[in-house]
Trainee: 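Here it is, the structure in full.
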Amino acid sequence: MAALARGLIRTWLVRLVVAAGAAGAWAQNDPTEGASPGGGLSLALILLLAVVGIGIVALMAFLAFYSNTKRREQAGRSAAALAAKQIEARHQRALGRLAQERELLHRELEKAQAQARKADRQVEGRPDDPVDRGEVRVRAWIDSVVDLLWHPDIPGAKLTRAQALAIDRDVSRWVPYDAALSGRRSLSQDETGVLPPQSRRLADVLRETTRAVLIGGPGSGKTMALRTIALAYARDRTKEVFGFRESRLAAYIRLGSLAPEDLTRPLPQVLADQTFPEGVGAAAFVETHLKAGSFILLFDDLHLVPSHELREQALRWIEAAETAYRKNVFIIATRPGDYGGHLRLPVQFREYSLVPLGPTEVEHVTASVATALALTHHPDGASAEECAGEVQRICATITNALADWGISPEATSPLDIVAAALAPVAGLETPRSEAERLQRLVTALCGGHATPEAPRPVTDADTTVRLLAMLAYRLHTTGRSDVSSAKVLGFLEEALVGTPIDPSEARQVLRFAIDGATVLRADAGGRVRFVIPSVQEILTAVHARYATDPMALVSRLHEPFWHEVIVHVCCLLDSRDMIQRLAYVPEEEFAANWPVVWRCACHVLGEGVRSHAFARRALEALSQGATSSDRIIRAAAVRALGDLRIAGCSEVLSRASEDRHSVVRLCAARAMGVMPDTAGAQSLVALLTDRDELPEVRCAAASSLAMLGYVDAVPHLASMADDPNPRVSECARLAVASLTPAEEP
């Protein structure tokens, strides 16, 4: 560029000199010099050209200077970038060496710790643990499970960790669950056949399957069962609790507490974030043990997932995890109205339903609850033996309360026992319904149980209950079962605005509800929840009863998340108006959500429910539902007609016995057995004698014929004695024995 500029300058100078010389010569040779203006004009033109030339030369020189400067700057930047890359490469190599050294040191530390633990086990005479305890995070994982679950969910009980872990709670009995849609509390109310369901212990369930769905109503012991499993594995007590020794890492997941985005993330990441929220490499640790089959995965509270869509997503998420990590054990707990039909896991998941506690289990749970309540009033470190007299007194109180309420020992749930244990505090005489029992219980807890650490707030018991009811309603409306303590305080402060009570009292109310009444529970991570979902539901119903339009809840009938609240509100109000509104929802919605409608009707209308106008409306709606294009709706409608047990159902049930789907035919066979007449007997005989029919349907037909007392079916039943299917032949034999009078000796 500089050379070009210099060449241009020389060229222009030469041209200027030549032009100047030519102009001078022309001026000297002009004969009219001095008289003509041409000479002056030429000189001006020459000067103008000279000025333009000089300007161009100056511009070219400036451009050359600018170009040289930019080139030097660019060369400097390139050199600096190269130096920076070299420095970064040296740093990366140094960091890599440090990371390798740290990993080596970490491995050496873990190896030394594993050797030390192995030496300790050898000294103590204990066998080596099949789970690799050399992992530092394994012990942290076990501790986190115990920290999450050590406290029993008993309102009114405040125990230390050691006291709670000393109470054994293997109390549940199980039977196979076989229902497409059911809202009843247990299968024992569904099974009306000759053959009673075979009961199993929780230990038997764990022995016979690695895929289980545990189904039970509110307060029936689902969380108790999962808690028992998790603590038995975490505390290495499977031999003592279940009768077999197995070492696995227990993972307890509350599905209702997961955010919707969690259901799109890999299972290892979700588990790691719950246990090690800031742990580097925690997801890799979890995935390693999942691939090795070291986990027993316990999924609780499927019914607390707020919508049908999210529940479907949760089930598919579990199904994908089961496919990816088949070596692990998967157990899911939910309520019967929230599982079945379209919302169902694959066939490898065996379904079980909780049944009411038997006498032995009642005694066991009663002792556990009484011990927990007795220890609450004793100093830390007290043992059950030190308060044995008080335990016996509380046990007697529970027995008397259950008898006064008309609850037999064979039809008791853990929640009944807890309410009965607190009956003296709650002043429960003979409440008409579970809703009333729970409301009095919560009110009593909020009126007493103050401790020095959590004195009773300046609010009275009724005001405290209303504050907590508003909180429960807010949680329920947003579809949450737990929130951060900051949000809880915000809700309570908002509720106190405009009242005589200072909003700053909200913190004391929250502290009392957690440490005094123990209605709320503070979990790890600063999240707060109600001790059991039933408490949240009853308080939501209390708020809906006083502060909202209760009839507006009818519009939520299609949301199973609100079913218990609807039942509670109906019972608390004793509202025939609500029954009327529930009866006139669309037919398919009426059939699909029949369990909650029927429970409301039974509570309010009592024994006359089948002769009430509600029964006529129900017959009309369910008959329409039995013709739905959706087989799940048809099955639900047919099952509901069996509940109704009124004349006029036989024709509908006979048509249902010819349905193309076996689940509808099975429901029809069971429903016809409880009808007040024998109009459907011929349809039952047709099902029984159809050798192409499923054995379950034929067995149900045999049982129903026996229940109807239809003696004309004896020849058909007798011909089934040599049926190739042993289940059918056994059912037929039992039905014949039931229909044939025993010969007198």
Side-chain angles (χ1 to χ4, degrees), residues 177-187 189-192 213 215 217 302-303 308 311-312 315 334-344 351 353 554 556-564 566-567 579 582-602 609-610 614-646 648-675 680 694 696-697 700 704:
Y177 183 79
D178 183 21
L181 271 178
S182 174
R184 298 177 177 84
R185 280 195 158 218
S186 67
L187 188 62
Q189 297 172 350
D190 292 342
E191 289 287 354
T192 55
V213 182
I215 304 172
L302 175 64
H303 54 278
H308 284 290
R311 291 182 193 189
E312 175 73 22
L315 290 178
T334 184
R335 291 182 182 174
D338 308 303
Y339 185 82
H342 298 299
L343 289 177
R344 174 164 271 166
E351 299 167 6
S353 177
V554 175
R556 293 185 177 272
L557 181 63
H558 64 286
E559 303 177 42
F561 191 56
W562 284 84
H563 280 183
E564 285 300 310
I566 292 173
V567 173
I579 298 297
L582 286 172
Y584 281 90
V585 298
E587 281 79 5
E588 293 207 351
E589 187 174 332
F590 185 86
N593 300 291
W594 167 259
V596 66
V597 178
W598 180 243
R599 287 174 61 197
C600 289
C602 290
V609 62
R610 292 183 174 88
F614 165 80
R616 293 193 296 274
R617 164 57 188 165
L619 176 60
E620 175 187 344
L622 295 174
S623 299
Q624 290 293 324
T627 63
S628 169
S629 59
D630 188 338
R631 67 179 177 87
I632 302 302
I633 301 297
R634 296 202 303 276
V638 171
R639 180 185 293 274
L641 289 171
D643 291 335
L644 207 55
R645 300 182 188 179
I646 61 174
C649 299
S650 299
E651 184 179 352
V652 177
L653 294 177
S654 296
R655 287 198 302 268
S657 69
E658 301 173 357
D659 195 273
R660 63 183 181 278
H661 286 286
S662 60
V663 65
V664 181
R665 298 196 300 273
L666 177 62
C667 292
R670 289 176 174 173
M672 283 188 283
V674 295
M675 289 294 109
L694 291 178
E696 292 82 358
V697 179
S704 292

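One-based numbering along the sequence shown. Just so you know, these numbers come straight off a predicted model, no measurement behind them.
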Trainee: I need the minimum non-hydrogen distance between Gly642 and Val674, along with the two atoms involved.
Mentor: O-CG2, 3.5 Å
Trainee: Provide the closest heavy-atom pair for Thr334 versus His303 in the form atom of the first, atom of the second, distance.
Mentor: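 Where Thr334 meets His303 most closely, the heavy atoms are OG1-N, 3.7 Å.
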Trainee: So, taking the atom named OG in Ser657 and the one named CG in Leu666, what distance separates them when rounded to the nearest 0.5 Å?
Mentor: 12.0 Å
Trainee: Whether Glu351 and Arg344 form a salt bridge (side-chain N of Lys/Arg under 4.0 Å from carboxylate O of Asp/Glu) is what I want to check.
Mentor: yes
Trainee: Indicate yes or no: does Arg634 engage Glu588 in a salt bridge with an N to O separation below 4.0 Å.
Mentor: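 No.
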Trainee: Restricting to non-hydrogen atoms, name the atom on Gly680 and the atom on Ser654 that form the minimum distance, rounded to 0.1 Å.
Mentor: CA-OG, 4.3 Å
Trainee: Between Leu653 and Ala668, what is the shortest heavy-atom contact and its length?
Mentor: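 Of all heavy-atom pairs spanning Leu653 and Ala668, the closest is O-CB, 3.8 Å.
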Trainee: Measuring from atom CD of Glu589 to atom CH2 of Trp594, what distance do you get when rounded to the nearest 0.5 angstrom?
Mentor: 14.5 Å
Trainee: Can you list the steps and then say if Leu619 with Leu641 is a side chain to side chain contact (heavy atoms under 4.5 Å, CB included)?
Mentor: CA-CA 7 Å; Leu619 176 60; Leu641 289 171; 3.9 Å; yes
Trainee: Would you name the heavy atoms of Arg610 and Ala615 that are closest together and state the gap between them?
Mentor: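 In this case the closest contact between Arg610 and Ala615 is O-CB, 3.4 Å.
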Trainee: Do the side chains of Leu582 and Val596 get nearer than 4.5 Å, heavy atoms only?
Mentor: no
Trainee: State, yes or no, whether a side-chain contact exists between Trp598 and Val609 at a heavy-atom distance under 4.5 Å.
Mentor: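 Trp598 vs Val609: side chains touch.
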Trainee: In terms of side-chain geometry, is the basic nitrogen of Arg655 or Glu651 positioned less than 4.0 Å from the acidic oxygen of its partner?
Mentor: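 Looking at Glu651 together with Arg655, the answer is yes, because their closest N to O distance falls below 4.0 Å.
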Trainee: Atom CE of Met672 and atom CZ of Arg670: how far apart are they, to the nearest 0.5 Å?
Mentor: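 CZ of Arg670 is found 12.5 Å from CE of Met672.
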Trainee: Would you confirm whether Ser353, through its side chain, and Ile215, through its main-chain N or O, come within 3.5 Å as a donor-acceptor pair?
Mentor: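 Present.
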Trainee: Show your reasoning for whether side-chain hydrogen bond (donor to acceptor under 3.5 Å, both in side chains) applies to His563 and Asn593.
Mentor: CA-CA 9 Å; His563 280 183; Asn593 300 291; 3.2 Å; yes
Trainee: Might you point out which heavy atoms bring Leu622 and Ala637 nearest each other, and give the distance in Å?
Mentor: O-CB, 3.5 Å
Trainee: Has the side chain of Arg639 got a donor or acceptor atom that lies under 3.5 Å from a matching backbone atom of Cys667?
Mentor: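 No, Arg639 side chain to Cys667 backbone: no donor-acceptor pair under 3.5 Å.
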Trainee: Between Leu315 and Leu302, is the side chain to side chain contact (heavy atoms under 4.5 Å, CB included) condition met? List the steps.
Mentor: CA-CA 9 Å; Leu315 290 178; Leu302 175 64; 3.8 Å; yes
Trainee: Val597 and Leu557: side chain to side chain contact (heavy atoms under 4.5 Å, CB included), yes or no, with the steps?
Mentor: CA-CA 9 Å; Val597 178; Leu557 181 63; 4.2 Å; yes
Trainee: Could you measure the distance from the OG1 atom of Thr627 to the CG atom of Asp659? Nearest 0.5 Å is fine.
Mentor: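 Atom-to-atom, Thr627:OG1 and Asp659:CG are 11.0 Å apart.
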Trainee: Angle between ring planes, Phe614 versus Phe590, binned at 30° and 60°: parallel, tilted or perpendicular?
Mentor: tilted
Trainee: Quick check against the 3.5 Å criterion: does Ser628 have a side-chain atom that pairs as donor or acceptor with the backbone of Gly625?
Mentor: no
Trainee: If the condition is side-chain contact (heavy atoms from CB on, under 4.5 Å), which residues does Arg556 pass it with, not counting sequence neighbours?
Mentor: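 Arg556 satisfies side-chain contact (heavy atoms from CB on, under 4.5 Å) with Thr477, Leu553, Glu559, Trp562 once adjacent residues are dropped.
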